[in-house]
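Lettering follows sequence order; numbering is per chain, from 1. Just so you know, these numbers use all the heavy atoms, side chains as well, and skip hydrogens, waters and symmetry mates.
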2 protein chains.
Amino acid sequence: MADPLSRVFSALADPTRRDIVARLAVGDATVNELAAPYDVTVQAVSKHLRVLEDAGLVSRSREAQRRPVHLEAEVFDLMTKWIERYRRQAEERYRRLDDVLRAMPDADPPSPEGPTP
Amino acid sequence: MADPLSRVFSALADPTRRDIVARLAVGDATVNELAAPYDVTVQAVSKHLRVLEDAGLVSRSREAQRRPVHLEAEVFDLMTKWIERYRRQAEERYRRLDDVLRAMPDADPPSPEGPTP
DNA sequence: CGCTTGTTCAACCGTCGGGTTGACAACATC
DNA sequence: GATGTTGTCAACCCGACGGTTGAACAAGCG
């Protein structure tokens, strides 16, 4: 799973990881602090952070034996851009279809419904 | 994995599924049409569509023996809202931190770095 | 009716993801 | 140097996922 988009979407597909992101939006935190609210081991949270880091959503710096985790919000744009593109395209298509329906000459198109009976 | 957000993110974590969404943004299509560009079986694509449908990203109607697939773009909002929330929050935090740093009195805070030596 | 087309269901296989436990590295403090 | 704190690495378990094959169901058409 090499492509960045898959990594980001996949990273945020887990509720615990989304929770961690939510918490990090408030401020940086250490692994132990992040693990505290959950009933999983610290190792599990460390794994989650690795996934988030690989996705570019999070960065870890060294500060003595602590490793404060920091949210990197820029990667979000990758997703929003992708989403917006296809949302826009779908809406555009809808609009165009509407136009076609409006400008429809009353010839009988291959519509299976009611071809002007 | 009950929550809708996880389902949507998870659904879009697969490149094939994102591709299918991209194709459906252009217009509705049948399973066979969707499967054509890929070298996987039709059944595999059908499974992908089931995932997309469970996530609310796609709907299938019946039209004779065909089952045209239609993109439901509204669910995108779920994601964008989530993303925007935390992006905004992170930016807000950044801005506030900046203010704090700017308005910093030259007392010595518990910073482990250089406490104004 | 029998046949073809389009799609799904069921069973199976290999891999990945989230979780655990246990050991270990790095640093701080006594 | 011994001890404790913080975090990662490694091995393992189990359930979910993406894929396949083979059969079944549904709807039109000879």
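Between R62(A) and D39(B), the one whose closest nucleotide on DNA chain D sits nearer the 5' end is R62(A).
At dG19(D), none of the side-chain N or O atoms of T41(B) fall inside 4.0 Å of OP1 or OP2 (strictly under the cut-off). At the phosphate of dG7(D), neither OP1 nor OP2 sits under 4.0 Å from any side-chain N or O atom of S46(A). Side-chain nitrogen and oxygen atoms of R60(A) include at least one within less than 4.0 Å of the OP1 or OP2 phosphate oxygen of dT8(D). Side-chain N/O atoms of N32(B) include none lying less than 4.0 angstrom from OP1 or OP2 on dT5(C).
Heavy atoms of S10(A) sit nowhere under 4.0 angstrom from any nucleic acid atom.
For Y38(B) and dG19(D), the OH to C1' distance is 16 Å, given to the nearest whole Å. Atom CG of L49(A) and atom P of dC9(D) are 12 Å apart (whole Å). Atom CZ in R50(A) sits about 6 Å away from atom P in dC9(D), given to the nearest Å. Distance, E33(A) CD to dT6(D) P: 9 Å, rounded to whole Å. Across the protein-nucleic acid pair, H48(A) atom NE2 and dT20(C) atom P stand 9 Å apart, rounded to whole Å. In this structure, CZ of R17(B) is placed 12 Å from C1' of dG19(D), rounded to the nearest angstrom. Here the P atom of nucleotide dT8(C) and the CG atom of D54(B) are 12 Å apart, to the nearest Å. Distance CZ (F9(B)) to C1' (dA16(D)): 20 Å, rounded to an integer number of Å.
In terms of modelled atom types and a separation under 3.5 Å, the side chain of T80(B) and the main chain of D77(B) share a donor-acceptor contact.
If you check the side chains of S6(A) and D3(A), you find a donor sitting under 3.5 Å from an acceptor.
Side chain of V40(A), nearest nucleotide from dT6(D), dT20(C), dT8(C): dT20(C). Proximity note for V42(B) (side chain, C-beta onward) versus dT8(C), dG6(C), dT20(C): the nearest is dT8(C).
A donor and an acceptor atom sit less than 3.5 Å apart, one in the side chain of Q43(B) and one in the base of dG22(D). Residue side chain K47(A) does not reach the base of dG17(C) through any donor-acceptor N/O pair under 3.5 Å, judged by distance alone.
Ion pair E84(A)/K81(A) not flagged as a salt bridge, since none of the NZ, NE, NH1 or NH2 atoms sits closer than 4.0 Å to an Asp/Glu carboxylate oxygen. For E63(B) and R67(B), the salt-bridge test fails: no basic side-chain N is under 4.0 Å from an acidic carboxylate O.
Residues V69(B) and V26(B) do not share a hydrophobic cluster, clusters being chains of Ile/Leu/Val/Met/Phe/Trp/Tyr side chains in contact below 4.5 Å.
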